[in-house]
Peer 1: 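Here it is, the structure, as structure tokens.
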Amino acid sequence: LCVLDGQNGEIAWSTNPTGSASTWTTATLPPEEPGRPWQPQGSQGAESLACLSSGLCIETAGDGNLQAGFVATDNVRSGASSWVPVASGDKHGQYPLAVACTSIGGCSAGGTGGTIYGTGVGNDPAESGSWSDEAVASENGQPFTQVSCPQGRYCAMVDNGYTLFSSTTPWDPTSWTGPAGDRKSVV
């Protein structure tokens, strides 16, 4: 299964991604708050999508005016109605912009105000309350806009100032280190 995200809450999926356009299905995710349209992330960055091998997918959800930080589903093929809001656990007044999950199950996200979010191996990232956060001093307060977990337990995150942070326990927001190994916590 291949899942792509687009703008304004649009997603597409296919079990034959190299096939023709007719092998792809599209949907627009429901708004996080009933009666409100999907909120794009604007100048902070595009929505970000991560899927685990179990079939669970999680996407950063909005523009900061919304209550939850993510939307998630364990059945993409069910379409937009299967996606539900998930609270980010933010305690710093920020919101997530980019999300990635490790091959062993923990997920991490970066967001505005240099905030890093994490949910541990064995936790369900689609459960509100499973995420924790830590404010980290990214370069000049830049938001974290890209995160990647290429193998095992290792993840890397970069802010808009191109400062690289990394962790080998990325689901723990306090484990991330920046340049020269400094954690640079602002909490």
Peer 1: Say you draw a straight line from OH of Tyr117 to CG of Leu97; how long is it, rounded to the nearest 0.5 Å?
Peer 2: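 Between Tyr117 OH and Leu97 CG, I get 8.0 Å after rounding to 0.5 Å.
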
Peer 1: Is there a donor-acceptor pair closer than 3.5 Å between any side-chain N or O of Thr73 and the backbone N or O of Cys57?
Peer 2: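 Here the side-chain-to-backbone pair does not exist.
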
Peer 1: For the backbone of Thr23 and the side chain of Ser14, can you confirm whether one donor and one acceptor N or O come within less than 3.5 Å of each other?
Peer 2: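 Yes.
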
Peer 1: Calculate, to the nearest 0.5 Å, the distance between atoms CG and CZ belonging to Asp159 and Phe165 respectively.
Peer 2: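 Rounded to the nearest 0.5 Å, the CG-CZ separation comes to 6.5 Å.
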
Peer 1: At what distance, to the nearest 0.5 angstrom, does CZ of Phe144 lie from OG of Ser48?
Peer 2: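 One finds 14.0 Å between CZ of Phe144 and OG of Ser48.
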
Peer 1: Is a donor on one side and an acceptor on the other found under 3.5 Å between the side chain of Thr112 and the backbone of Tyr95?
Peer 2: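 Checking the backbone N and O of Tyr95 against the side chain of Thr112, a donor-acceptor pair under 3.5 Å is found.
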
Peer 1: State, with a plain yes or no, whether a side-chain heavy atom of Trp171 is found less than 4.5 Å away from one of Thr119.
Peer 2: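 No. Closest side-chain heavy atoms not under 4.5 Å.
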
Peer 1: Between Pro173 and Ile116, which heavy-atom pair has the shortest distance, and what is it?
Peer 2: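 What the structure gives for the nearest pair is CB-O, 3.4 Å.
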
Peer 1: Verify side chain to side chain contact (heavy atoms under 4.5 Å, CB included) between Ser167 and Tyr154, making sure each step is shown before the conclusion.
Peer 2: CA-CA 6 Å; Ser167 176; Tyr154 177 78; over 6 Å; no

Peer 1: If you look at every heavy atom in Trp131 and Cys107, which pair is closest and at what distance?
Peer 2: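 Smallest interatomic distance, heavy atoms only, reads CH2-CB, 3.7 Å.
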
Peer 1: To check you understand the geometry: which heavy-atom pair defines the closest contact between Leu164 and Ala156, and what is its length?
Peer 2: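 The pair with the smallest heavy-atom distance is CD1-CB, 3.8 Å.
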
Peer 1: Checking Ser175 against Asp172 for the side-chain hydrogen bond (donor to acceptor under 3.5 Å, both in side chains) test, could you report, in this order, the C-alpha distance in whole Å, the side-chain angles of both residues, the deciding distance, and whether it holds?
Peer 2: CA-CA 6 Å; Ser175 72; Asp172 176 2; 4.7 Å; no

Peer 1: Evaluate the side-chain hydrogen bond (donor to acceptor under 3.5 Å, both in side chains) criterion for residues Asp133 and Thr115: first the C-alpha distance (whole Å), next the side-chain angles of each, then the deciding distance (0.1 Å), finally the verdict.
Peer 2: CA-CA 7 Å; Asp133 73 319; Thr115 303; 5.1 Å; no

Peer 1: Going only through I, L, V, M, F, W and Y residues with side-chain contacts under 4.5 Å, is there a path from Leu56 to Leu49?
Peer 2: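 No, it is not one cluster - the side chains of Leu56 and Leu49 are not joined through contacts under 4.5 Å.
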
Peer 1: Do the side-chain sulfurs (SG) of Cys101 and Cys149 come closer than 2.5 Å?
Peer 2: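 Not so, these two cysteines form no disulfide.
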
Peer 1: Are the side chain of Ser78 and the backbone of Ser82 linked by a donor-acceptor contact shorter than 3.5 Å?
Peer 2: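 Looks like no, no N/O pair under 3.5 Å.
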
Peer 1: Kindly give the heavy-atom pair with the smallest separation between Trp176 and Ser108, and that separation in Å.
Peer 2: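 Closest heavy-atom pair between Trp176 and Ser108: CZ2-OG, 3.2 Å.
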
Peer 1: Donor-acceptor pair, distance only, cut-off 3.5 Å: does the side chain of Arg153 make one with the backbone of Thr168?
Peer 2: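 Side chain of Arg153 to backbone of Thr168: a pair is present.
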
Peer 1: Measure the spacing between CE of Met157 and OG1 of Thr163 and express it to the nearest 0.5 Å.
Peer 2: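 The OG1 atom of Thr163 is 13.0 Å from CE of Met157, to the nearest 0.5 Å.
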
